[in-house]
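All figures in this text were calculated on a predicted structure; none of them were measured in a lab. Residue numbers start at 1 and run along the sequence shown. Just so it is clear, the values below take in all heavy atoms, side chains as well, and ignore hydrogens, waters and symmetry mates. Both counts, for ligands and for their atoms, begin at 1 and track the order of listing.
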Amino acid sequence: MSMEDYDYLFKIVLIGNAGVGKTCLVRRFTQGLFPPGQGATIGVDFMIKTVEIKGEKVKLQIWDTAGQERFRSITQSYYRSANALILTYDITCEDSFRCLPEWLREIEQYANTTVVTILVGNKIDLAEKREVMRQRAEEFANSQSMLYLETSAKESDNVEKLFLDLACELIRDAKQNTLDNNDTANAMPGEGKTISYLGCCSTN
Ligand SMILES: Nc1nc2c(ncn2[C@@H]2O[C@H](COP(=O)(O)OP(=O)(O)OP(=O)(O)O)[C@@H](O)[C@H]2O)c(=O)[nH]1
């Protein structure tokens, strides 16, 4: 192992409409909690969590952006160095799904072409209020070459899977030398605990 306390460092940026649950997903993953009365994100928030995948330490730098339109120019500047984007919508809010093409245009304009993008339908605990059918979202994700996952930050459904699957995907890419990690090499140290995860996709 190098002088650093990790084998890989990846930058993951969450984007999507205001109120879809981006901050709650990050809090659930990094702190294991669902904060009551979560206020709107102002600009961008930053958290770190280190996970262990097949004996390798993977440091995830997670940037939680504000969904509100007025912060768009700030958040756009975070796309460029992202290794992965989590494009989030709310399965109980048709509007947040209809806005996805707009977000894809932002990605095309500001993100690196090698970025891994996953579409996430959050709030599946509110099944009775669902407005966007899973199949429709899956088809849309497929058509745009995105991965797809449904989550509940509230019930903790698929939240760990979301970040760990992404980490696996990024390791696979890195091993194929399609990633340039130089941009993220100077990351600030931050809080985080190490968890062990061996059940993900094969990375070897
Ligand atoms: N039932 C349910 N509510 C959720 C879930 N995730 C988030 N919420 C609620 O949705 C609201 C918005 O959550 P946030 O995490 O602040 O949303 P955001 O996407 O970060 O919003 P911005 O910061 O404005 O972009 C809050 O009232 C949360 O409690 C979930 O999985 N289930």
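- For atom 29 (O) of ligand 1, the closest non-hydrogen atom on the protein side is F34 CZ, 3.4 Å.
- Between F29 and F163, the ring planes lie parallel to each other; the angle is under 30°, not in the 30° to 60° tilted range.
- Each of the following atoms of ligand 1 lies closer than 4.0 Å to a heavy atom of K154: 1 (N), 30 (C), 31 (O), 32 (N).
- Atom 28 (C) of ligand 1 has its closest protein heavy atom at C24 SG, 3.8 Å.
- The option with the heavy atom closest to atom 2 (C) of ligand 1, from among D125, T151, T23, D45, is D125.
- Counting heavy atoms under 4.0 Å from ligand 1, residue N122 touches it through the side chain alone.
- Of the protein's heavy atoms, K123 NZ, 3.0 Å lies nearest to atom 10 (O) of ligand 1.
- Counting only N and O atoms by type, the side chains of T151 and D157 include no donor and acceptor under 3.5 Å apart.
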Q: With side chain to side chain contact (heavy atoms under 4.5 Å, CB included) as the test, would you mind laying out the steps for F140 and L119 before giving the verdict?
A: CA-CA 9 Å; F140 178 73; L119 179 64; 4.1 Å; yes
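- Closest to atom 27 (O) of ligand 1, if we only count protein heavy atoms, is Q38 O, 4.9 Å.
- Using a 4.0 Å cut-off to heavy atoms of A40, the atoms of ligand 1 that qualify are 23 (O), 24 (O).
- Following chains of ILVMFWY side-chain contacts shorter than 4.5 Å, one can reach Y110 starting from W103, so the two form part of one hydrophobic cluster.
- The pair R172-E169 meets the salt-bridge criterion, since a charged nitrogen lies less than 4.0 angstrom from a carboxylate oxygen.
- Remark: ligand 1 atoms within the under-4.0 Å shell around heavy atoms of G67 are 22 (P), 25 (O).
- Within ligand 1, counting atoms from 1 as listed, the ones closer than 4.0 Å to a heavy atom of S152 are 31 (O).
- Taking the six-membered ring where the residue is Trp, the centroids of Y8 and F10 are separated by under 6.0 Å.
- Of all protein heavy atoms, the one lying nearest to atom 21 (O) of ligand 1 is G19 N, 2.9 Å.
- For the residue pair T50 / K57, no side-chain donor-acceptor distance below 3.5 Å is found, with atom types taken as modelled.
- Taking a cutoff of 4.0 Å between a charged side-chain nitrogen and a carboxylate oxygen, E139 and R134 do not qualify as a salt bridge.
- The protein atom (non-hydrogen) at minimum distance from atom 31 (O) of ligand 1 is A153 N, 2.8 Å.
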Q.
One pair to check against salt bridge (charged side-chain N to carboxylate O under 4.0 Å, His left out): E150 and R130. What are the steps and the verdict?
A. CA-CA 12 Å; E150 296 199 337; R130 183 188 278 269; 2.7 Å; yes
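- Note on ring orientation: taking the six-membered ring where Trp is involved, the planes of Y89 and F97 are perpendicular (angle over 60°, cut-offs 30° and 60°).
- Close N/O approach between A18 and ligand 1 is not found [any backbone or side-chain N/O within under 3.5 Å].
- Between the side chains of T23 and D64, at least one donor N or O sits under 3.5 Å from an acceptor N or O.
- Less than 4.0 angstrom separates some heavy atom of L126 from each of these atoms of ligand 1: 1 (N).
- Scanning the protein for heavy atoms near atom 18 (P) of ligand 1, the closest one is K22 N, 3.5 Å.
- Of all the heavy atoms of A66, the ones lying under 4.0 Å from any atom of ligand 1 belong exclusively to the backbone.
- Looking only at heavy atoms of the protein, atom 17 (O) of ligand 1 is closest to G21 N, 3.1 Å.
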